[in-house]
Amino acid sequence: MTAVRQDAWSPDDDLILAEVTLRHIREGSTQLAAFEEVGERIGRTSAACGFRWNSCVRKRYEDAIQIAKQQRQKRNYMKKQTYVAAPHVSSIAIIDTEERTYKNEPVTEESLSIDTVIRFLRQWKGTYQELTRQIKTLERDLRDKDEELFTLREQNQKLSLEVNNAQTDYRAVNDDYKTLIQIMDRARRLTVLTEEDEAKPRFKMDANGNLERIE
């Protein structure tokens, strides 16, 4: 039976990660914020959530991601129209909005602040640490497998030696058995010949020249 790791991701965890991340993409938020929200909900770090999303879950939701980006682009376009219609918005803000809309980037206060950069760097630092941890785990598992393989090879050599010794002993016993059978057969034949000789009548000659039977 295969052991289940205690930190393994369940299908429900993956579903929560996908739903929250797609919602943040659709609403023009960042994936970093999505990973933090998921981490709080399922009791994991945002780095672990980001690693899971990029390495596994994202591949299963490519179509949904494209739809979410289209919805985000539509939202950004509506925001652009709002900016243009508002008389108090500066020309710099309008230009920045148009540029971000063209690049399919969300226009939020968060995206214009240094905090986003810091969170991004922290996220990738956490992702790197998570990847490093998994690599160390794999290396440890590999060392354990190497040690197990070495032990199995030693046991195989020991068993092979025992088998060879057993085969040698068997041949010696078999030769002794054949020799014993030959000795017993020879003794049996000698016994039969001796009994036949004893069964024959024997005679001797008396003083008068007559033969008399010896009992």
Side-chain angles (χ1 to χ4, degrees), residues 2-86 88-142:
T2 303
V4 179
R5 292 174 52 126
Q6 295 182 354
D7 60 344
W9 283 75
S10 66
D12 290 340
D13 292 340
D14 287 341
L15 183 59
I16 293 174
L17 177 60
E19 290 178 347
V20 174
T21 304
L22 289 173
R23 172 165 55 81
H24 277 257
I25 294 175
R26 184 170 55 252
E27 295 177 353
S29 181
T30 63
Q31 293 186 11
L32 301 180
F35 299 154
E36 290 180 355
E37 179 180 339
V38 174
E40 292 178 357
R41 290 180 58 178
I42 64 177
R44 296 178 182 271
T45 64
S46 59
C49 296
F51 182 83
R52 180 68 176 179
W53 170 259
N54 292 316
S55 63
C56 181
V57 179
R58 181 187 183 93
K59 301 175 184 178
R60 301 199 297 263
Y61 291 90
E62 292 293 343
D63 294 338
I65 292 173
Q66 295 302 321
I67 294 174
K69 288 183 177 180
Q70 292 175 3
Q71 294 174 342
R72 181 186 66 187
Q73 184 177 2
K74 184 177 180 180
R75 289 169 59 91
N76 291 339
Y77 178 78
M78 297 302 294
K79 287 183 179 180
K80 170 190 171 184
Q81 297 301 319
T82 302
Y83 275 111
V84 173
H88 62 278
V89 178
S90 65
S91 59
I92 296 178
I94 295 176
I95 294 174
D96 180 73
T97 303
E98 291 177 348
E99 181 179 0
R100 289 182 175 276
T101 302
Y102 176 76
K103 293 181 179 180
N104 291 331
E105 296 179 356
V107 180
T108 62
E109 293 182 0
E110 182 183 13
S111 65
L112 300 177
S113 65
I114 191 82
D115 292 339
T116 302
V117 178
I118 296 175
R119 291 174 60 186
F120 176 81
L121 294 176
R122 287 178 178 175
Q123 168 67 27
W124 281 107
K125 178 181 179 181
T127 302
Y128 173 78
Q129 292 175 345
E130 177 71 13
L131 182 60
T132 302
R133 184 187 67 81
Q134 294 196 10
I135 290 176
K136 290 182 179 179
T137 301
L138 292 174
E139 290 177 347
R140 184 172 61 253
D141 294 341
L142 182 60

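What's counted below: heavy atoms across the whole structure, side chains too, no hydrogens, waters or symmetry copies. Nothing fancy with the numbering, it's 1 onward along the sequence. Fair warning: this is a prediction, and the values are worked out from it, not measured in the lab.
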Identify the heavy atoms of [X] and [Y] that sit nearest to each other, and give their distance.
X     : Y     : result
Arg44 : Ala8  : NH2-O, 3.1 Å
Arg41 : Ile16 : CZ-CG2, 3.9 Å
Leu22 : Ala68 : O-CB, 3.9 Å

State, with a plain yes or no, whether a side-chain heavy atom of [X] is found less than 4.5 Å away from one of [Y].
X      : Y      : answer
Asp14  : Arg60  : yes
Gln31  : Ile25  : yes
Thr137 : Arg140 : yes
Trp9   : Leu17  : yes

What's the spacing between [X] [atom1] and [Y] [atom2] if we round to 0.5 Å?
X     : Y      : atom1 : atom2 : result
Gln71 : Lys69  : CD    : NZ    : 13.0 Å
Ile65 : Trp53  : CD1   : CH2   : 4.0 Å
Ile67 : Arg72  : CD1   : CZ    : 14.0 Å
Ser55 : Leu131 : OG    : CG    : 9.0 Å
Ser46 : Glu37  : OG    : CD    : 12.5 Å
Glu40 : Thr45  : CD    : OG1   : 12.0 Å

Determine, step by step, whether Glu130 and Arg133 satisfy the salt bridge (charged side-chain N to carboxylate O under 4.0 Å, His left out) criterion, reporting the C-alpha distance in whole Å, the side-chain angles of both residues, the deciding distance to 0.1 Å, and the verdict. CA-CA 5 Å; Glu130 177 71 13; Arg133 184 187 67 81; 2.9 Å; yes

